[in-house]
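Here's a structure for you.
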Amino acid sequence: MPADSLHRSLQRFIHGRTETGDPPGAAWSVGAFSRVWSSGISGSAALMPDREPLAKDTLFDLASLTKPLATALAAVLLEQDGKLDLDAPLVEWMPESRNTPYAGVSLLALGSHTAGLPAWEPLYAVEADISRFREMILSLPVAVQPGETLYSDLGYILLGKVLETVAESSLDRLFASRVAGPAGLPAAFFPGIAGAGAQAAATERGNRYERDLAGDRGAGFRFREGMIRGQVHDGNAWAMGGVAGHAGLFATLEDVVTLAMEILAPSRLDLGDRARQRLLEPVAESGRTFGFETASRNAAVSNILPDRAPGHTGFTGTSLWLDPESGRYWILRTNRVHPVAAPEPFQDVRREFHRLSA
C-alpha cells in the first residue's frame, strides 16, 4: 500500500474510533528507520471534567511498556557495561531470595517471564511497608514451574530492584542517565509521586478496575478517588512511589519513536549487538525476549506481523511492535481506560490498526 493511502486508511480508522470515545484519544506512528509512513493524533487527552484535545507533546502513561523500554533496556546496558550478568541467579543480587523457589532463577528468566512467579498480587493492599514488597513476592508459591512462561508484573518489580542495587541508583535516575539522556528524550521520565499533571493524557477516574481486581484482598484499602492524570495508573507502582520495574514510565509519541529506532538501529545509545540480541531474540521456546513478546503469541498482531517480531502492549492502551528484519515499527498510544476501564477488549482495536498498517 502506498504511504499516502496507508496514512489515509489509518486516519479514517483512528478518527472513527476516537469520535465514539473508544478510545477517547490516540496517537500513532508507523515507519521504518528514518522514514515515517503515517503519524498523527486524534481525539481528546481528557473528557472530564472538561474535554481537552490531544496534542503532539501529550505524555502517555506507558504502563507495561515500562518493562522493555526502561527496565529491560537499562538492564542490557548495565550488562554491556560489565556490571551484571543476566544469566546469573537472582540470589547473587538479592540474598533474601535464598531458601525460596526463586533463588536460582536467572535475571534473564525474570525479564522473559519464565521465573515461575505469579502474574500479579495487590501488594499495596496487604503490606503498607513497601520495603517488604520483595519479601512478599519471594514468599509466594510458584505459579508455574521455572522455565515455563507466565507473564508477571512481580518478576519485573524484582528485576527493577536488582537494577537499583547494581547501579546504586533509583530506577528513574538510572533511566534518565543511561537511556533518556543519551537518547535525547527530555520528556520521557518517571513522574513519580509528583506527577506529570495536565501534560499527560488522563486515565481512570479512581481505581475502580484495580479495586475490583483486588476483590476481598483490597477490602479496607483506601484506593485513589478522582481522576488519575499524570500519575501512574498501576496500583503497585503507585504504592512504590510511581517508580517500578513494571510500570511508571511516561513519554510522548516522539519519545517512543526515538526509542524504537534506537533499538532497531542505535545511533545515540551505545547499544551493542549482544544487548540488541537480548532485546530482540526469543529466549528458547518461551515466545518472549528479554523485555518483549513475539508477535506469534499476541492476538493483536499474530498472523499479521512476522512471527518473531518483538513487541509489547500496555494496559492503558499502548503498544509497540518492531520488525528487526525490515526495520519497521508500529506504535499506538491511547488513553483507552479514560474515564473508566471499559470491559470491552481492546485487542480488536489494536489488531485492526496493525492489519491496516502492515
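Computed from a prediction, not measured in an experiment: that's the story for all the values here. When a residue number appears, it is its place in the shown sequence, counting from 1.
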Checklist entry - Where does the angle between the aromatic ring planes of W28 and H15 fall among parallel (under 30°), tilted (30 to 60°) and perpendicular (over 60°)? => result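 Ring orientation of W28 relative to H15: perpendicular.
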
Next on the checklist: What's the separation between atom CG in L110 and atom CG in L158, rounded to the nearest 0.5 Å?
Outcome noted: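 With rounding to 0.5 Å, CG (L110) is 6.0 Å from CG (L158).
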
Checklist entry - Same cluster or not: are I157 and L159 linked, directly or through other Ile, Leu, Val, Met, Phe, Trp or Tyr residues, by side-chain heavy atoms under 4.5 angstrom apart? => result yes

Checklist entry - Have N298 and Q347 got a donor and an acceptor in their side chains that come within less than 3.5 Å? => result yes

Item to check | Cationic tip of R336 above F315 ring, under 6.0 Å, 45° of axis | outcome: yes

Checklist outcome for this item: One should read off an interatomic distance between S357 OG and Y329 OH, to the nearest 0.5 angstrom, of 11.0 Å

Next on the checklist: If hydrophobic clusters are built from ILVMFWY residues whose side chains come within less than 4.5 Å, do L59 and L54 share one?
Outcome noted: no

Checklist entry - Nearest heavy-atom pair of T316 and A63: which atoms, and what distance? => result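 Shortest heavy-atom separation between T316 and A63 comes out as OG1-CB, 3.5 Å.
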
Checklist entry - Are W238 and F221 connected in the hydrophobic side-chain network, where two residues link if heavy atoms are under 4.5 Å apart? => result no

Checklist entry - Looking at CG of D153 and CG of D234, how far apart are the two atoms once the value is rounded to the nearest 0.5 Å? => result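 These two atoms lie 6.0 Å from each other.
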
Checklist entry - Taking 4.0 angstrom as the limit, do R173 and E164 come out as a salt bridge? => result no

Item to check | Cationic N near anionic O, under 4.0 Å, E96 to K161 | outcome: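 No, no charged N to carboxylate O under 4.0 Å.
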
Item to check | NZ/NE/NH1/NH2 to OD/OE distance under 4.0 Å, R308 and E281 | outcome: yes

Checklist entry - Between R224 and E210, is the closest basic N to carboxylate O distance under 4.0 Å? => result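 Here E210 does not pair with R224 in a salt bridge, since their nearest N and O are not under 4.0 Å apart.
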
Checklist entry - What's the verdict on side-chain contact (heavy atoms from CB on, under 4.5 Å) for F250 and D255, showing C-alpha distance, side-chain angles and the deciding distance? => result CA-CA 9 Å; F250 281 60; D255 290 334; over 6 Å; no

Next on the checklist: Please check: side-chain N/O of T334 versus main-chain N/O of G317, any donor-acceptor pairing under 3.5 Å?
Outcome noted: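 At least one qualifying donor-acceptor pair exists.
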
Checklist outcome for this item: When every non-hydrogen atom of P306 is compared with those of D323, the smallest separation belongs to CG-OD2, 3.7 Å

Next on the checklist: Working to the nearest 0.5 angstrom, can you tell me the gap between W93 CH2 and T165 OG1?
Outcome noted: 8.5 Å

Next on the checklist: If I take atom CG from residue L117 and atom CG from residue L154, how far apart are they, to the nearest 0.5 angstrom?
Outcome noted: 6.0 Å

Next on the checklist: For the backbone of S44 and the side chain of N335, can you confirm whether one donor and one acceptor N or O come within less than 3.5 Å of each other?
Outcome noted: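 Side chain of N335 to backbone of S44: a pair is present.
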
Checklist entry - Between V91 and L140, is there a shared hydrophobic cluster once you connect ILVMFWY residues whose side-chain heavy atoms come closer than 4.5 Å? => result no

Next on the checklist: With a 3.5 Å distance limit and no angle check, can you tell me whether E79 reaches the backbone of L86 through a side-chain donor-acceptor pair?
Outcome noted: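 Yes.
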
Checklist entry - So F175 and F190, would you call those rings parallel, tilted or perpendicular, with 30° and 60° as cut-offs? => result perpendicular

Item to check | Side chain T203, main chain V337, donor-acceptor under 3.5 Å | outcome: no

Next on the checklist: Using the rule given for salt bridge (charged side-chain N to carboxylate O under 4.0 Å, His left out), can you reason through R278 versus D87, listing the C-alpha separation, both sets of side-chain angles and the distance that settles it, and then say yes or no?
Outcome noted: CA-CA 11 Å; R278 291 286 205 192; D87 294 308; 3.1 Å; yes

Checklist entry - With distance as the sole criterion, is a donor-acceptor pair present between the side chains of R274 and Q277 under 3.5 Å? => result yes

Checklist entry - Between L264, L77, V179, which is the residue that forms a side chain to side chain contact (heavy atoms under 4.5 Å, CB included) with L271? => result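 Answer after filtering L264, L77, V179: L77.
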
Item to check | hydrophobic_cluster_shared for V166 and M240, side chain cutoff 4.5 Å | outcome: yes

Checklist entry - Under 30°, 30 to 60°, or over 60°: which ring-plane class applies to H312 and Y151, parallel, tilted or perpendicular? => result tilted

Checklist entry - Under a 4.5 Å cut-off applied to non-hydrogen side-chain atoms, are R208 and F223 in contact? => result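 SC-SC contact between R208 and F223 ruled out.
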
Item to check | Heavy-atom pair with the smallest gap, counting every atom of L305 and A358 | outcome: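 Heavy-atom minimum between the residues: CD2-CB, 3.8 Å.
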
Checklist entry - Within the distance-only criterion (no hydrogens, no angle test), does the side chain of T289 pair as donor or acceptor with the backbone N or O of L279 below 3.5 angstrom? => result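 Yes; at least one donor-acceptor contact below 3.5 Å.
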
Checklist entry - So, T20 versus D22: side-chain donor-acceptor pair below 3.5 Å or not? => result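 No, D22 and T20 have no side-chain donor paired with an acceptor closer than 3.5 Å.
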
